[in-house]
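I have placed the structure first, in the form of structure tokens, so that the comments after it can refer back to it.
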Amino acid sequence: MSKITIAIDGFSSTGKSTIAKQLARHLGYVYVDSGAMYRAVTFYAMDNDLITDDFFDVEALISQLENIKISFVFNEDLGFAEVYLNGVNIEKEIRTLRVSSFVSKVAEISEVRALLVKQQQHMGRNKGVVMDGRDIGTVVFVDAELKLFMTASAETRAIRRYNELLERGDDVVYEDVLRNVQERDYIDSHREDSPLIMAEDAIEIDNSTLTLEAQFDMILDLANKALEKEKSSET
Ligand code: DC
């Protein structure tokens with residue numbers, strides 16, 4: 001049976017994971033949250049005192065990369081795979097604002113990127129994967145049959161993220177969340193290695209005013225068209 005690769009990139013909190021999970025469930029594909037892998041490395045650095053507000057031992061992190069084993073384990077109840085670091089479920093720990101405030105710095109390191117990109121390409125080697133991140137269409141799967149680039153205003157995204165954190169019970173201030181969104185936008189799109197840019201063949205989706213249903217219908221239609229094209233190219 002024909003399968004395609006779906007690459008979803010965009011700024012933080014643009015709803016990439018929501019649409020990626022919906023698509024993967026609908027198509028019976030594997031969903032991979034590549035951001036969770038950068039967050040897992042960040043969590044490792046925090047846990048081992050390699051990064052604090054005014055200190056980051058990049059060399060030590062690079063030399064310890066071989067100690068970092070990231071895996072995904074599907075959780076039937078949640079309907080998606082949770083991230084594990086060296087066999088320990090860290091899905092909750094990696095979603096805090098503290099991890100978000102350090103993750104862009106970790107994601108700037110070329111050695112970290114090279115390692116994670118290799119693992120991501122391995123996960124997608126048989127196609128049938130929906131992966132979201134920042135460089136999926138430009139670096140990880142340059143030949144993906146469908147590439148989406150999600151956008152929405154920084155304020156819309158900060159409100160979404162703020163509500164998510166409140167729902168989790170985190171004590172956060174909206175202005176801090178907005179600042180984190182804007183800082184990450186800047187670092188993610190200005191870093192030297194694999195900056196966040198839209199692939200030339202990506203389709204831009206601005207979902208500031210789209211309902212989740214409208215967005216899903218529109219994107220499923222794009223996925224079905226890409227699948228048809230793939231099928232006809234195989235015959
Ligand atoms: O998608 P997210 O917010 O969980 O991603 C966390 C950070 O990881 C994001 O600020 C940038 C980085 N990242 C990246 O550089 N490349 C990816 N493919 C995914 C995430």
Side-chain angles (χ1 to χ4, degrees), residues 5-21 31-46 51 56 58 61 65 68 70 72 80-83 85 90-124 129-142 144 147-152 154 156-158 160-162 164-165 168 170 172 176-199 202 207:
T5 301
I6 303 178
I8 305 181
D9 288 306
F11 292 103
S12 58
S13 303
T14 41
K16 298 184 298 291
S17 69
T18 303
I19 186 65
K21 280 178 200 157
Y31 162 59
V32 180
D33 173 359
S34 70
M37 300 171 74
Y38 290 92
R39 287 174 181 271
V41 176
T42 306
F43 180 76
Y44 175 92
M46 290 163 65
I51 192 166
F56 184 12
V58 175
L61 179 61
L65 282 178
I68 303 180
I70 300 170
F72 287 95
F80 65 88
E82 294 180 296
V83 68
L85 171 66
I90 52 158
E91 184 63 35
K92 264 216 179 72
E93 287 78 357
I94 61 165
R95 307 288 168 194
T96 62
L97 194 53
R98 187 116 182 102
V99 170
S100 298
S101 71
F102 292 136
V103 66
S104 288
K105 290 193 188 107
V106 171
E108 276 184 305
I109 304 168
S110 292
E111 287 82 354
V112 170
R113 303 204 68 82
L115 179 78
L116 298 187
V117 166
K118 207 165 94 195
Q119 292 178 5
Q120 290 152 6
Q121 288 172 335
H122 185 74
M123 289 177 200
V129 66
V130 185
M131 193 175 291
D132 71 356
R134 305 292 188 288
D135 60 345
I136 311 305
T138 51
V139 176
V140 182
F141 299 129
V142 283
K147 297 181 186 178
L148 303 173
F149 191 85
M150 315 292 290
T151 60
T156 306
R157 293 184 282 128
R160 287 178 189 160
R161 191 89 195 96
Y162 175 67
E164 267 172 32
L165 290 166
R168 284 171 32 116
D170 286 10
V172 284
D176 290 344
V177 178
L178 177 62
R179 199 172 327 113
N180 174 254
V181 163
Q182 289 166 331
E183 272 170 18
R184 282 205 288 150
D185 283 1
Y186 186 84
I187 303 180
D188 291 348
S189 50
H190 287 82
R191 68 173 169 238
E192 218 163 282
D193 189 345
S194 323
L196 170 63
I197 42 166
M198 186 167 118
N207 63 18

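Atoms within a ligand are numbered from 1 in the order they appear, just like the ligands themselves.
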Name all residues meeting the side-chain contact (heavy atoms from CB on, under 4.5 Å) criterion together with S13; count only those two or more places apart in sequence or in a different chain, and write none if there are none. R157, R161
Contact set, ligand 1, heavy-atom distance under 4.0 Å, ordered by chain/number, equals S34, G35, Y38, R39, V103, S104, A107, R113, G133, R134, D135, I136, R184, D188, R191
My understanding is that only residues two or more places apart in sequence, or in another chain, count here; which of them pass ring pair (Phe, Tyr, Trp, His ring centres under 6.0 Å) with Y186? H190
Does any donor atom in the side chain of S104 or D188 lie under 3.5 Å from an acceptor atom in the other side chain? yes
Please tell me whether R39 and S100 have a donor and an acceptor in their side chains that are separated by less than 3.5 angstrom. yes
Here the salt bridge (Lys or Arg N to Asp or Glu O under 4.0 Å) pairs for residues 91-102, sequence neighbours left out, are D33-R95, D53-R98, E91-R95
Can you name the nearest heavy-atom pair linking A154 to Q182, along with the distance? CB-CG, 4.3 Å
